[in-house]
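Following: one structure in structure tokens, then a few remarks.
This is a predicted model, so every value here is computed, not measured. First listed ligand is number 1; within each ligand, the first listed atom is number 1.
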Amino acid sequence: MAIWNLGSINIDHVYRLPHLPQPGETLAAHGYGLGLGGKGANQSVAAARAGSVTHHLGAMGAGDDWVVARLDAAGIRTGAIQRLPKQATGHAIILLDAEAENAIVIHPGANRAIDEARLTRDLAGIAPGDLLLLQNETSAQPEAACAAKARGARVIYSAAPFDLAAVCAVLPHVTILAMNEGEAAQLAAAMPQGPGVEAMLITKGAKGAEYRDLRTGAVHHQPAFRVDPVDTTGAGDTFAGYFAAGLDQGLDVAQALRLASGAAALKVTRPGAGDAIPSRAEVEAFLANQPI
Ligand SMILES: Nc1ncnc2c1ncn2[C@@H]1O[C@H](COP(=O)(O)OP(=O)(O)O)[C@@H](O)[C@H]1O
Ligand SMILES: [Mg+2]
């Protein structure tokens, strides 16, 4: 089986500053970091490091080849990534002050300019039993979800960042709806009748995660593992990618939840986003020392 991920690719530029700049102020940074991010890229890195065949569908500008090299190095199939000459690669300008308070500018760029005809052609290879992952940082989610479902694949949709119109457009094609607690609260407020999907995966930070099978009413609870967190960026993406890979590899829901929780716990002990997602071997070693 395989995982297909229509997902955002962002370059994260992180600047350390004495304070966040005021209007009209010019401020020199005393630190700079460059990293790979984007919810989509993070989920693909997680799924590939978990050991699943992972095709990334998405778009970038014509340059920034190091990004593709890094995705390749994570084991991701990158051949379907669209290179759009008139678009900038998606990027985030992240400002951090001395207290780690932040201000962030995101330019979606190529992520929101996906060529739908080409995407549909690339998705022709998706097979029954495959999984399609989607989040809210690209264009063309409904088209991809519809095409995948028509071919018998399951669709796991992360409703993040939360956007009600985007959620409503994709929901008819979704199998599993994935959210964090804040997004789940927004969904419940906007849709008291429920989302009408097969299952919901809700992550709750240090409180763990739960999987609600809406057909049977069964609820699986997965506690978080106890770690000292240093950076929770990408925790949800790591969880979603590892959970999908677990299902893809035939684990049952409880096993996939434990695997994903172990991966996300390790991620939060490391600074960074995509680059900080642990390998399957690291996760297995971590889980071997945890209570059942
Ligand atoms: N402080 C933490 N300690 C251990 N695990 C954590 C911690 N924060 C997050 N996680 C793990 O990451 C998962 C996703 O985190 P969460 O904050 O819910 O998602 P998001 O990153 O989307 O906001 C949690 O369900 C948990 O397994
Ligand atoms: Mg969170």
Side-chain angles (χ1 to χ4, degrees), residues 5 7-8 10 12 14 35-47 49-50 92 94 100-102 104 106 133-138 156-163 166-167 174 176-188 199-212 219-247 251 253-280 282-287 289-292:
N5 183 8
S8 55
N10 276 340
D12 290 344
V14 183
L36 175 63
K39 289 178 184 300
N42 294 345
Q43 290 192 1
S44 281
V45 170
R49 290 208 173 131
I94 301 168
E101 180 61 80
N102 63 32
I104 302 176
I106 291 185
L133 309 188
L134 305 163
Q135 321 79 31
N136 269 346
E137 288 183 338
T138 68
I156 302 183
Y157 170 56
S158 298
F162 191 82
D163 177 296
V167 172
V174 172
I176 301 173
L177 177 60
M179 294 164 293
N180 69 17
E181 243 182 337
E183 291 146 5
Q186 292 182 73
L187 181 90
M200 283 201 285
L201 173 66
I202 301 174
T203 61
K204 302 188 283 187
K207 290 180 290 179
E210 66 184 45
Y211 181 92
R212 297 186 200 154
V219 180
H220 300 262
H221 294 279
Q222 172 63 52
F225 295 107
R226 213 170 284 178
V227 292
D228 288 325
V230 302
D231 182 354
T232 60
T233 313
D237 302 330
T238 304
F239 197 107
Y242 260 87
F243 181 75
L247 295 185
L251 301 189
V253 166
Q255 292 168 324
L257 286 172
R258 181 175 163 86
L259 178 70
S261 184
L266 268 183
K267 158 61 208 69
V268 305
T269 65
R270 303 172 178 180
D275 305 309
I277 295 170
S279 69
R280 180 67 175 263
E282 290 171 317
V283 178
E284 300 287 359
F286 173 81
L287 287 174
N289 292 315
Q290 298 298 321
I292 301 295

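Atom 19 (O) of ligand 1 has its closest protein heavy atom at T203 OG1, 3.4 Å. Annotation: atom 3 (N) of ligand 1 to nearest protein heavy atom, V227 CG2, 3.6 Å. With respect to atom 4 (C) of ligand 1, the closest heavy atom belonging to the protein is F225 O, 3.2 Å. Remark: minimum distance from atom 21 (O) of ligand 1 to any protein heavy atom is reached at G236 N, 2.9 Å. With respect to atom 5 (N) of ligand 1, the closest heavy atom belonging to the protein is A224 CB, 3.8 Å. Protein heavy atom at the shortest distance from atom 11 (C) of ligand 1 is A264 CB, 3.5 Å. The nearest heavy-atom contact from the protein to atom 26 (C) of ligand 1 is G205 O, 3.3 Å.
Comparing heavy-atom distances from atom 2 (C) of ligand 1 across A209, A206, G208 singles out A206 as nearest.
There is no side-chain donor-acceptor pair under 3.5 Å between Q222 and E210.
Here K267 has no heavy atoms under 4.0 Å from ligand 1, in either its backbone or its side chain. Here T233 has no heavy atoms under 4.0 Å from ligand 1, in either its backbone or its side chain. Residue contacts with ligand 1 for P229 involve side-chain atoms from C-beta outward but no N, CA, C or O (heavy atoms, distance under 4.0 Å).
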Kindly determine whether L187 and E183 satisfy side chain to side chain contact (heavy atoms under 4.5 Å, CB included), including the steps that lead there. CA-CA 6 Å; L187 181 90; E183 291 146 5; over 6 Å; no
Report the C-alpha separation of L257 and L201 in whole Å, then their side-chain angles, then the decisive distance to 0.1 Å, and conclude whether the side chain to side chain contact (heavy atoms under 4.5 Å, CB included) test is met. CA-CA 9 Å; L257 286 172; L201 173 66; 3.7 Å; yes
Test side chain to side chain contact (heavy atoms under 4.5 Å, CB included) on Y242 and R49; report intermediate values, then the result. CA-CA 8 Å; Y242 260 87; R49 290 208 173 131; 4.1 Å; yes
Apply side chain to side chain contact (heavy atoms under 4.5 Å, CB included) to residues R212 and H220 and explain how you reach the verdict. CA-CA 6 Å; R212 297 186 200 154; H220 300 262; over 6 Å; no
Take Q135 and S158 through the side chain to side chain donor-acceptor pair (under 3.5 Å) test and state the conclusion after the steps. CA-CA 5 Å; Q135 321 79 31; S158 298; 5.5 Å; no
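Inclusion of N180 in the set of residues having an N or O under 3.5 Å from an N or O of ligand 1 is warranted.
Tested against N42 for a side chain to side chain contact (heavy atoms under 4.5 Å, CB included), the candidates D237, T238, T233, N5 yield a single pass: D237.
Salt-bridge annotation for R280 and E282: absent, with no side-chain N of the basic residue lying under 4.0 Å from a carboxylate O of the acidic one.
Between Y211 and F243, the ring planes are tilted. Angles from 30° to 60° get that label.
Those atoms of ligand 1 that come under 4.0 Å of a heavy atom in F239, given as number and element, are 13 (C), 25 (O), 27 (O). Near K204, meaning under 4.0 Å from any of its heavy atoms, are these atoms of ligand 1: 18 (O), 25 (O).
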